[in-house]
Amino acid sequence: TPQEDKRSEFVDVGALLPNAMLDIRYFGHHNFVGKPIEGYNAPKCLLHTSAANALKKVQNAAQIEGLGLKIFDCYRPQRAVNHFVRWVNDLEDTRTKAEFYPNLGKDQLLGDYIAAKSGHSRGSTIDLTLVDSKGKELDMGSPFDMFDTLSNTDDSRISPSQKANRYKLKQLMTDAGFAPYSMEWWHFTYQPQAYPATYFDFVVE
Ligand SMILES: C[C@@H](N)C(=O)N[C@H](C)C(=O)O
Ligand SMILES: [Zn+2]
């Protein structure tokens with residue numbers, strides 16, 4: 001199929017960037033669904049080659065400042081997104097509410113915080129944070145995938161150092177060609193996207 005032909009244009013970022021830390025949350029249980037997500041058969045970060053090469057530039061620039069990358073999610077198959085949407089629509093399952101969406105109802109998550117058609121499925125989008133030289137995450141004022149206005153990049157409740165950390169990540173990413181997302185400090189899309197209108201569904205393996 002046409003999608004399978006393009007699979008070869010995706011690269012394993014863990015192999016390309018051996019110094020990057022990977023914490024692929026949707027492979028395991030520590031995520032807002034509370035269980036492994038469909039389509040993640042390995043804890044890998046796959047990205048289109050163009051985005052992966054740009055990420056290498058980000059890592060080099062971060063390294064000069066004594067910082068490293070910690071990656072939470074990359075290419076996301078459409079079947080995984082469909083799993084998210086099924087979870088959103090199961091209003092009775094609120095097991096992860098305290099950690100991941102303490103101040104919003106599940107009915108408020110779709111769109112701004114969880115997309116039914118996600119840039120991640122197009123292969124040029126990544127969720128990540130910065131770590132110090134010891135591998136400790138910088139304090140961004142809210143954890144990855146906390147669906148709350150507190151995670152909006154410019155939320156005014158965060159401290160000056162938390163804001164500086166968010167802006168450090170944003171600057172490193174935009175310098176390499178990634179566009180930020182104002183609702184989630186961790187989410188960036190490389191521009192131009194190789195496939196701006198294709199929602200891939202091959203599994204992560
Ligand atoms: C679910 C979260 N990590 C995320 O990536 N949100 C955006 C809006 C998306 O689903 O594309
Ligand atoms: Zn994202």
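Just so it is clear, the structure is predicted and the values come from calculations on it, not from any experiment. Every heavy atom of this structure was used, including side-chain atoms; hydrogens, water molecules and symmetry mates were not. Start at 1 with the first residue, then count along the sequence. Indexing begins at 1, ligand by ligand and atom by atom, following the structure's order.
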- request: Run the ring-centre check on W87 versus Y101 and record whether the distance is less than 6.0 Å.
  value: yes

field: Protein contact to atom 5 (O) of ligand 1 [nearest heavy atom, distance to 0.1 Å]
entry: R76 NH2, 2.9 Å

- line: min-distance protein heavy atom vs atom 4 (C) of ligand 1 -> E184 OE1, 3.4 Å

query: Between the Zn ion (ligand 2) and E184, is there an N, O or S atom separated by less than 2.8 Å?
result: no

query: Under 3.5 Å between some N or O of ligand 1 and some N or O of A115?
result: yes

- request: Identify, by atom number and element, the atoms of ligand 1 in contact range of H120, meaning under 4.0 Å from any of its heavy atoms.
  value: 5 (O), 11 (O)

- prompt: What angle, to the nearest 10°, do the atoms OD2 (D127) and ND1 (H187) form about the Zn ion (ligand 2)?
  reply: 160°

field: Heavy atom of the protein closest to atom 11 (O) of ligand 1 (residue, atom name, distance)
entry: S118 OG, 2.6 Å

- request: Applying ring-ring contact (aromatic ring centres under 6.0 Å, His included), run through F200 and Y195 and close with a yes or a no.
  value: CA-CA 9 Å; F200 290 97; Y195 296 104; 5.5 Å; yes

- line: The closest protein heavy-atom partner of atom 2 (C) of ligand 1 is D145 OD1, 3.3 Å

query: Any idea which atoms of ligand 1 are less than 4.0 Å away from a heavy-atom of Y26?
result: 1 (C), 2 (C), 3 (N)

query: Can a salt bridge be assigned to the pair K134 and D132 using a cut-off of 4.0 Å between side-chain N and carboxylate O?
result: no

- prompt: Is R7 paired with D5 through a side-chain N to carboxylate O contact shorter than 4.0 Å?
  reply: no

message: So is D73 touching ligand 1 or not, going by heavy atoms under 4.0 Å?
response: no

query: Using heavy atoms and a threshold below 4.0 Å, how should the contact between Y113 and ligand 1 be classified: side chain, backbone, both, or neither?
result: backbone

field: Electrostatic pair K44:E205 at N-O distance under 4.0 angstrom
entry: no

- line: Exactly one of R122, R79, R76 clears salt bridge (Lys or Arg N to Asp or Glu O under 4.0 Å) with D201, and that residue is R79

query: Is the number of heavy atoms from other residues, nucleotides or ligands within 6.0 Å of NZ (K57) greater than 12?
result: no

message: Measuring centre to centre across the rings, with the benzene-like ring taken for any Trp, is Y75 within less than 6.0 Å of F10?
response: yes

message: Taking only non-hydrogen atoms of M183, do any sit less than 4.0 angstrom from ligand 1?
response: no

message: Looking at ligand 1, would F100 count as a contact under a 4.0 Å heavy-atom criterion?
response: no

field: ligand 1 atoms in contact with D112 (distance to a heavy atom under 4.0 Å)
entry: 8 (C)

- request: Go through the steps for D23 and I71 under the test side chain to side chain contact (heavy atoms under 4.5 Å, CB included), then give the verdict.
  value: CA-CA 6 Å; D23 182 11; I71 297 169; over 6 Å; no

Sub-4.0 Å heavy-atom approach of V81 to ligand 1: no

- prompt: Do the charged groups of R157 and D148 touch, with an N to O distance under 4.0 Å?
  reply: yes

